[in-house]
There are 2 protein chains.
Amino acid sequence: MVVLALNYREGPTSIREIAGKENISPQYLEQIFLDLRRAELVNSVRGAKGGYKLARPPSEINIGDVVRTLEGPIAPMECVAEGSEGDCCERTQECLTRGVWEKLRDRMNEVLDDISLEDMISSRNINP
Amino acid sequence: MVVLALNYREGPTSIREIAGKENISPQYLEQIFLDLRRAELVNSVRGAKGGYKLARPPSEINIGDVVRTLEGPIAPMECVAEGSEGDCCERTQECLTRGVWEKLRDRMNEVLDDISLEDMISSRNINP
DNA sequence: AAAAAATCCGAGTAATATACTCTGATATAA
DNA sequence: TTATATCAGAGTATATTACTCGGATTTTTT
């Protein structure tokens with residue numbers, strides 16, 4: 001996603017190109033981008049000269065969206081994952097640790113939702 | 001650890017007792033407490049009528065210490081784990097995502113280091 | 001029209017981490 | 001002496017995760 005952000009003004013970027021730069025297998029990257037497209041974080045262009053583009057400007061895509069798309073809901077413990085409320089154990093009432101995990105989960109989301117792709121590439125080091 | 005905090009003024013609490021209350025196998029709990037003892041978060045008393053006690057008052061033990069003891073260094077990515085600096089990939093220089101993981105790691109530690117066992121048991125609900 | 005370059009998609013594999021168990025030794029109280 | 005504990009290291013089993021494979025579809029280039 002950082003590579004796509006850097007290429008935002010250009011045409012679509014192919015998996016092959018990104019895979020080469022980041023030293024990831026093209027086949028694996030493909031899986032990842034399918035998920036990103038289904039989440040509408042990127043658009044795809046099929047066929048020769050095709051590839052992927054960010055669906056929105058880098059400033060409007062935050063890391064929280066990317067991470068949650070690829071890794072699922074952020075949660076230090078299963079029982080505080082968004083969508084699985086109460087599924088995990090029956091003692092949510094008396095559980096004294098649950099509050100800790102909820103607080104941690106919320107802070108984690110805050111940190112990630114507060115950083116955009118734009119932030120990441122504008123604070124970049126020397127090498128492009 | 002919450003159970004030990006609740007029992008802080010009493011004598012040592014046995015694994016059997018805690019395992020029963022929390023519905024964990026005594027054998028597994030045993031492994032956990034060995035680690036906690038080696039980290040000097042609890043003291044042990046061997047033999048009949050033995051068990052474990054907190055090594056310090058509940059207000060002086062925070063969740064960060066407990067979690068790091070049992071789960072290892074807190075790190076959303078291997079490469080930002082305390083002690084494995086630079087081991088993970090060679091491109092730490094040009095890596096634009098590393099900063100995100102470092103920030104997240106730091107906030108996670110802050111949250112956990114800011115909550116003591118005392119905090120957890122004093123905000124407790126109805127059932128003891 | 002044919003070939004090449006790319007995404008799409010579902011299914012499968014393999015290594016690893018994690019949760020958990022087993023067996024036996026040692027220490028202490030009753 | 002017996003019962004009740006912790007101590008300790010090794011082993012197992014399940015689930016997750018990272019990753020691969022084969023083939024279909026779409027678009028550009030020749």
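Below, read A as the first sequence line, B as the second, and so on, with proteins coming before strands; counting in each chain starts at 1.
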For this session: Report the distance from atom CG of L117(A) to atom OH of Y8(A), rounding to the nearest 0.5 Å.
Result: 11.0 Å
For this session: Would you tell me if any nitrogen or oxygen in the side chain of Y52(B) comes within less than 4.0 Å of OP1 or OP2 on dC7(D)?
Result: yes
Seminar exercise, completed: Rounded to whole Å, CG of L4(A) lies from P of dT7(C) at a distance of 11 Å
Exercise. Is any side-chain nitrogen or oxygen of R16(B) closer than 4.0 Å to OP1 or OP2 of dT4(D)?
Worked result: no
Exercise. Please give, in whole Å, the distance from dT6(D) P to N43(B) CG?
Worked result: 14 Å
For this session: Would you kindly check whether a donor in the side chain of R46(B) faces an acceptor in the base of dT26(C), or vice versa, at under 3.5 angstrom?
Result: yes
For this session: Indicate whether OP1 or OP2 belonging to dC8(C) is found under 4.0 Å from a side-chain N or O atom of S44(A).
Result: yes
Exercise. Run the side chain to side chain contact (heavy atoms under 4.5 Å, CB included) check on T97(A) and M77(A) step by step: do they pass?
Worked result: CA-CA 10 Å; T97(A) 59; M77(A) 291 288 285; over 6 Å; no
Exercise. Between N109(B) and D106(B), is there a donor-acceptor pair closer than 3.5 Å when you use the side chain of the first and the backbone of the second?
Worked result: no
Seminar exercise, completed: Assign each of V45(A) and Y28(A) the nucleotide of DNA chain D bearing its closest heavy atom; nearer the 5' end lies the nucleotide of Y28(A)
Exercise. Can you find a side chain N or O atom of R37(B) that sits less than 4.0 Å from OP1 or OP2 on dA8(D)?
Worked result: yes
Problem set entry | Nucleotide dT21(C), atom P - distance to CD1 of I32(B) in whole Å | 11 Å
Problem set entry | Interatomic distance, N7(A) atom CG to E17(A) atom CD [nearest 0.5 angstrom] | 6.0 Å
Exercise. So, does the side chain of E30(B) form a donor-acceptor pair with the base of dC7(D) at under 3.5 Å?
Worked result: yes
For this session: Let me know, please, whether G47(A) or S25(A) comes out on the 5' side of the other along DNA chain D by nearest nucleotide.
Result: S25(A)
Expected list for residues 27-42 of chain A: side-chain donor-acceptor pairs under 3.5 angstrom, two or more places apart:
none

Exercise. Counting any heavy atom closer than 4.0 Å, what does F33(B) reach on the DNA or RNA strands: base, sugar-phosphate only, or nothing?
Worked result: nothing
Seminar exercise, completed: In whole angstroms, the gap separating C1' of dG12(C) from CD of Q27(A) amounts to 13 Å
Problem set entry | Spacing between K53(B) atom NZ and dA5(D) atom P, to the nearest angstrom | 17 Å
For this session: Would you kindly give the CD-to-C1' distance between E71(A) and dT16(D), to the nearest whole Å?
Result: 12 Å
Exercise. Could you give the CD1-to-C1' distance, from I15(A) to dT20(D), as a whole number of Å?
Worked result: 14 Å
Exercise. Ignoring hydrogens and angles, are the base of dC19(D) and the side chain of Q31(A) linked by a donor-acceptor pair under 3.5 Å?
Worked result: no
For this session: Find the distance K49(A):NZ to dT30(D):C1' and express it as a whole number of Å.
Result: 14 Å
